[in-house]
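Each chain gets a letter, A, B and so on, in the order its sequence line appears, and its residues count up from 1.
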There are 2 protein chains.
Amino acid sequence: MKQPTILDVAKRAGVSKSLVSLAMRGSDQVSAASRQAIFEAAADLGYRPNAAARSLVRQRSFILGVMLSDLHNPFFAEVVDGIDDAALTAGYRALYNSGRRSPQLEAEAIETLLELRVDGLIVAAPAIGPKSAVAAARSVPTVVVGRATRSAEIDCVTNDDRLGGELVVDHLVSLGHRQIAHIHGGSGAGAHPRRTGYERAMRRHGLSAEIRSVAGAYTEDAGMRGMEELLDSGDRPTAVFVANDIAAIGALDVLDEYGLRVPEDLSVVGYDNTHISGRHRFDLTTIDQPRSEIGYTAVSLLLERLDEGRIEAKRVVLAPRLVARGSSARVSLRAAAERA
Amino acid sequence: MKQPTILDVAKRAGVSKSLVSLAMRGSDQVSAASRQAIFEAAADLGYRPNAAARSLVRQRSFILGVMLSDLHNPFFAEVVDGIDDAALTAGYRALYNSGRRSPQLEAEAIETLLELRVDGLIVAAPAIGPKSAVAAARSVPTVVVGRATRSAEIDCVTNDDRLGGELVVDHLVSLGHRQIAHIHGGSGAGAHPRRTGYERAMRRHGLSAEIRSVAGAYTEDAGMRGMEELLDSGDRPTAVFVANDIAAIGALDVLDEYGLRVPEDLSVVGYDNTHISGRHRFDLTTIDQPRSEIGYTAVSLLLERLDEGRIEAKRVVLAPRLVARGSSARVSLRAAAERA
DNA sequence: GTGAAAGCGCTAACAC
DNA sequence: GTGTTAGCGCTTTCAC
């Protein structure tokens, strides 16, 4: 199981290890004869460079570490595609970690990446506060994805969650809704501004009295519980804005159980434009975030620091976009009547 | 940005670097006074051990590398949870890679992990043939997940895909179906045995003449195309077994578009028991695989080689289980009549 | 073109 | 208890 080293290759090829090193990295300072002997020896031996040793001496790993808070959210699959693609193009490799939605595990995952001496760190939608990301940023270029950080020292890329929340309300109000409730996303990334956007837009439309938020999170379960709470209250809204698509899908499940029809009895809007939301069976009105662009941008921010020496922090805010589908519709006479 | 090293800590604490090394690893050979001085110095400096250096000298990285072929399949989120949990419990860290469903990228991802000198490698549902996994296994303990390998030298954990395919057919036949088509999974992991199981069970039930497979893959798109092909053929089956849940969801979408009802006009069965398949809106009959157990088992196989010195290859086959839901039902008189 | 030598940050004998 | 020393596998001057 002992792996061959550069020295084994050198011996077999009858040259010094420095020459092997040069040849392996494609230097043209090596004679054709030596080069061939070296490559042959390497192939015979099944030589594979040791990235740890290389990283140690070069002080560069060419690895971008990505802490993923929640692999269960399909939203991130596409962000990851963007990250992966951008990293590869730039000559880096992306390595991922799971935080399993636990602040404690997220911190450990980040620590693991840092000990590995990744050249750059991406923290995706942490449940954990930005403190540890800020701490990490002191030792390596870091960008937080999906959550705006208060601190001015750290790069981040988000969509404008507050605006997204407002777009949802504007859309529902334009359909005649007034009783618009919100199942919020708890401590999830972007949940707070989404809620702020909801409240702000409600006020702007003169609906302050109708503002109504219930506890939630970015999980199906939370969406179910939130919807149950709203339905069991005996005061049913005509529309519900759920903090993300996953939770919205849970909410729809509860509506089905209760025998309520969407959008006839109740309009539902999600957030993320997760792939699944476009399926006929859900046909969920939602807010689109440019997923692969988010991933791509995160890597770009890292590269600007790594390869171009940028120092000052930068925050990129991408535009959200309402995608109107069948789960939201003009408020029905019946629903309005029931309310009256 | 220069990181403090063990030497910086030693200087600041006024001791030698070996003592620091001992203290950091919790040896009790260090006096209380030194220990405290060392920890204080480390904290002051923000010292963080360099995993690359450590891995180099210890010849152990305590990292398990996982090549994920397709992050888009929610099926793997839970397998990953199992892997992560088991690895952490055993004192290892799991690091993930994306193969983005491309054989070429999968090979590169595996190579990256190998160069990093991970202690163990998990190859999850590779689109790539097992050749490269076998090659990898020569340098590090390796287990392939989700795809049975012909080679006897390599560990793998799968569910019994062939049996799973048979269970689907048995279920549908028991509901009176005879015209049961299959949208297969192409080169996807486990797709071949699922198809074999389908065909074998059809024969067993005396339905050889009804065997009918159309091309597919483990994507929504492929499921859509497969279902379109079946519907446009002018010879509609009464039930369709789709190779996995994702593709089945695509297939359902097409049925919705065509205005066909499930299960009244057509029964549909998937594979994986992905979380989403349980939602009311889909209510998809499917085959359950024990996801976190799969992940957990994969890590155990690695640990047996790593910590217990197992040499001979081992293949673990877990039992699939039919989960009957609303997308499959007794063949309707109308569907049968239309066929006649 | 090629080789010798130093050193990246750490651990592990081995002294004392 | 604590310090010294010799590498782990690689890259990188700097000679020749």
Which nucleotide sits closest to the side chain of [X]: [options]?
X: A/Ser31; options: C/dG1, D/dT12, D/dG7; answer: C/dG1
X: B/Val57; options: C/dT2, C/dC10, C/dA5; answer: C/dC10
X: A/Lys17; options: C/dC10, D/dT2, D/dT11; answer: D/dT11
X: A/Ser34; options: C/dT2, D/dG9, D/dT2; answer: C/dT2

Under-4.0 Å side-chain N/O to phosphate OP1/OP2 contact, A/Arg58 with D/dC10: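 No.
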
Phosphate-side-chain proximity, A/Lys2 and D/dG9, N/O vs OP1/OP2 below 4.0 Å: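 Yes, such a contact exists.
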
[N] [atom2] sits how many Å from [X] [atom1], rounded?
X: B/Leu22; N: D/dG3; atom1: CG; atom2: P; result: 10 Å
X: B/Leu7; N: D/dT5; atom1: CG; atom2: P; result: 14 Å
X: B/Gln29; N: C/dA15; atom1: CD; atom2: P; result: 17 Å
X: B/Leu19; N: C/dT11; atom1: CG; atom2: P; result: 13 Å
X: A/Ile6; N: D/dT12; atom1: CD1; atom2: C1'; result: 12 Å
X: B/Gln3; N: C/dC10; atom1: CD; atom2: C1'; result: 15 Å
X: A/Arg117; N: C/dC10; atom1: CZ; atom2: C1'; result: 11 Å
X: A/Met24; N: D/dT12; atom1: CE; atom2: P; result: 14 Å

Do the non-hydrogen side-chain atoms of [X] and [Y] ever get within less than 4.5 Å of each other?
X: B/Arg12; Y: B/Leu45; value: yes
X: A/Lys17; Y: A/Thr5; value: no
X: A/Leu116; Y: B/Leu95; value: yes

Any donor-acceptor N or O pair under 3.5 Å, side chains B/Thr158, B/Arg147: no

Under 3.5 Å side-chain donor-acceptor pair for B/Ser21 and B/Arg25: yes

Bend angle of the helix from C/dG1-D/dC16 to C/dC16-D/dG1, from helix axes over five pairs at each end, nearest 10°: 40°

Residue mapping more 5' on DNA chain D - nearest nucleotide basis, B/Gln59 or B/Ala32: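 By nearest-heavy-atom nucleotide position, the 5'-most residue is B/Ala32.
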
Earlier contact from the 5' end, DNA chain D, for B/Gly14 and B/Leu56: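 So the residue in question is B/Gly14.
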
With A/Asp84, the side chain to side chain donor-acceptor pair (under 3.5 Å) member among A/Tyr296, A/Tyr92, A/Tyr96: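 Option passing the side chain to side chain donor-acceptor pair (under 3.5 Å) with A/Asp84: A/Tyr96.
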
Sugar-phosphate only, base, or nothing, as touched by B/Thr5 at under 4.0 Å among non-hydrogen atoms: sugar-phosphate

Sugar-phosphate only, base, or nothing, as touched by B/Ser55 at under 4.0 Å among non-hydrogen atoms: nothing

Residue met sooner reading DNA chain C from 5', once B/Arg25 and B/Ala53 are mapped to nucleotides: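 It is B/Ala53, whose closest nucleotide lies nearer the 5' terminus.
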
For nucleotides 13-16 of chain D, print each protein N/O atom paired with a nucleotide N/O atom at under 3.5 Å, atom names and distance only.
none

Spacing of A/Leu56 atom CG and A/Ser61 atom OG [to the nearest 0.5 Å]: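 The CG atom of A/Leu56 sits 11.5 Å away from the OG atom of A/Ser61.
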
Inter- and intrachain pairs under salt bridge (charged side-chain N to carboxylate O under 4.0 Å, His left out), touching residues 72-81 of chain B, at least two apart: B/Glu78-B/Arg291

Matching residue for A/Leu113 among A/Val123, A/Asn97, A/Ile122 - test: side-chain contact (heavy atoms from CB on, under 4.5 Å):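 Going through the options one by one, the only one that passes is A/Asn97.
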
Qualifying residue for salt bridge (charged side-chain N to carboxylate O under 4.0 Å, His left out) with B/Asp119, from B/Arg58, B/Arg305, B/Arg93, B/Arg60: B/Arg60

